[in-house]
Amino acid sequence: MELTLQQCDSTNTEMKRIIESGRFLPSGSTVRAIAQTAGRGQRGNSWEAEPGKNLTFSILLRPGGLLPKHHFLVSEAIAIATASFLAGIIGDSHKDTVKIKWPNDIYFGDRKIAGILIENSLGMSGQILQTIAGIGININQQTFSDSIPNPISVRNIIGSDLDLDTLMPRISRSVTAFVDSLAPIIASGTSLTDFESMYHSWLWRADGFYNWRDTASGEIFSAKIDKVMSNGQIILRLHDDNTIGYMFKEVEAVI
């Protein structure tokens with residue numbers, strides 16, 4: 001199913017409505033909105049997108065009943081697919097500037113070009129039955145509200161508009177293929193390490209020491225990314241070589 005709406009409150013919410021109506025949707029089904037009135041981002045934030053200028057959509061995924069210890073792999077797969085897609089349309093001269101800001105925002109340099117909101121439905125034993133991934137990608141928008149701290153669009157980078165109808169099936173196929181690859185990767189065992197290494201290779205600010213803020217204490221400290229654990233915990237290495245781990249929302253990069 002590929003549904004395009006002129007307007008809705010949130011594509012994730014609309015996807016849930018369709019599922020709750022009893023209609024079966026295959027993996028890879030999408031709900032796209034030309035305009036969202038209540039788009040949602042991480043941390044409970046709203047997602048701003050000028051109507052008709054960007055890709056704002058949700059995709060339904062069925063990642064093969066992954067166990068609880070594998071939940072973060074879905075986030076990694078969606079982020080890698082989105083970053084790879086963006087690197088491809090931006091072009092070779094800039095592709096190394098596209099990175100994943102832990103856990104799954106997509107950055108171009110120090111500016112945000114895409115956001116991902118993942119909502120999983122779990123079975124009795126905690127396995128993932130289905131995932132709704134809301135993805136917002138800044139494509140043709142040229143100006144942004146002052147309330148948005150560091151946005152950028154593909155149009156800002158390459159200087160020309162792109163056709164959204166052409167891009168939409170490309171990104172949905174990319175995301176679906178990456179998530180569908182998880183079950184055989186987990187079954188093979190050795191490939192899982194390669195997959196996690198791929199995620200690390202896309203990480204923003206993985207090349208040295210940067211400032212971070214502990215969100216509980218407000219303390220700002222210098223550290224570098226050591227690794228990201230399979231549960232999504234980020235491990236930061238301090239200058240004295242000690243390490244400290246944080247889950248999502250417990251630490252943030254200082255930009």
Side-chain angles (χ1 to χ4, degrees), residues 39-49 54-56 71-90 94-119 131 133-139 141 144-145 147-154 156-157 171 174-175 178-179 195-216 218 220-237 243-255:
R40 292 182 291 142
Q42 292 180 0
R43 303 173 188 269
N45 295 331
S46 61
W47 178 263
E48 179 199 280
N54 306 302
L55 287 177
T56 50
H71 285 190
F72 188 66
L73 290 176
V74 177
S75 176
E76 291 178 308
I78 295 168
I80 292 170
T82 306
S84 179
F85 163 78
L86 276 165
I89 65 174
I90 287 171
H94 293 297
K95 66 179 182 179
D96 291 337
T97 312
V98 178
K99 294 292 182 181
I100 299 169
K101 178 177 176 286
W102 174 84
N104 58 18
D105 278 340
I106 312 300
Y107 267 44
F108 180 86
D110 287 338
R111 301 175 71 181
K112 185 173 179 178
I113 194 168
I116 300 168
L117 175 65
I118 296 174
E119 297 180 281
T131 295
I135 302 175
I137 306 176
N138 299 330
I139 302 291
Q141 187 166 340
F144 296 85
S145 163
S147 64
I148 309 299
N150 59 336
I152 195 170
S153 71
V154 175
N156 293 150
I157 299 164
I171 179 63
S174 178
V175 170
F178 264 92
V179 173
F195 183 85
E196 291 177 331
S197 295
M198 185 193 309
Y199 174 78
H200 188 89
S201 73
W202 280 100
L203 275 179
W204 177 72
R205 288 190 173 179
D207 58 346
F209 285 87
Y210 293 91
N211 285 337
W212 299 78
R213 178 183 293 105
D214 184 303
T215 58
I220 295 177
F221 60 96
S222 177
K224 66 177 180 179
I225 298 173
D226 186 68
K227 58 185 174 181
V228 177
M229 304 296 288
S230 59
N231 64 352
Q233 184 184 47
I234 191 169
I235 307 299
L236 300 178
R237 186 169 295 276
T243 59
I244 184 168
Y246 289 95
M247 295 302 290
F248 179 50
K249 297 185 180 181
E250 293 179 348
V251 72
E252 59 186 12
V254 177
I255 301 174

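Any value given below was found using the heavy atoms of this structure, including those in side chains, with hydrogens, waters and symmetry copies removed.
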Non-hydrogen atoms of [X] and [Y] that approach each other most closely:
X: Phe209; Y: Ser222; value: CB-OG, 3.7 Å
X: Gly109; Y: Trp204; value: O-NE1, 2.8 Å
X: Pro151; Y: Arg111; value: O-NH2, 2.8 Å
X: Ile106; Y: Ala79; value: CD1-O, 3.6 Å
X: Leu86; Y: Ala114; value: CD1-CB, 4.0 Å

Rounded distance [0.5 Å steps], [atom1] in [X] versus [atom2] in [Y]:
X: Trp102; Y: Tyr199; atom1: CH2; atom2: OH; answer: 8.0 Å
X: Met198; Y: Glu76; atom1: CE; atom2: CD; answer: 10.0 Å
X: Lys99; Y: Ser201; atom1: NZ; atom2: OG; answer: 6.5 Å
X: Lys101; Y: Glu252; atom1: NZ; atom2: CD; answer: 7.5 Å

Student check: side-chain heavy atoms of [X] and [Y] closer than 4.5 Å:
X: Lys224; Y: Asp207; value: no
X: Tyr246; Y: Thr215; value: no
X: Ile80; Y: Phe195; value: yes
X: Ile148; Y: Lys112; value: no
X: Asn104; Y: Ile78; value: no
X: Asn156; Y: Phe108; value: no
X: Ile235; Y: Met229; value: yes

### Task
Using the side-chain contact (heavy atoms from CB on, under 4.5 Å) rule, pick out the option among Asn138, Asp110, Ile113 that qualifies with Ile152.
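It is Ile113, the one option of Asn138, Asp110, Ile113 that forms the side-chain contact (heavy atoms from CB on, under 4.5 Å) with Ile152.
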#### Entry: Under the ring pair (Phe, Tyr, Trp, His ring centres under 6.0 Å) test, residues paired with Tyr210 that sit two or more places apart
none
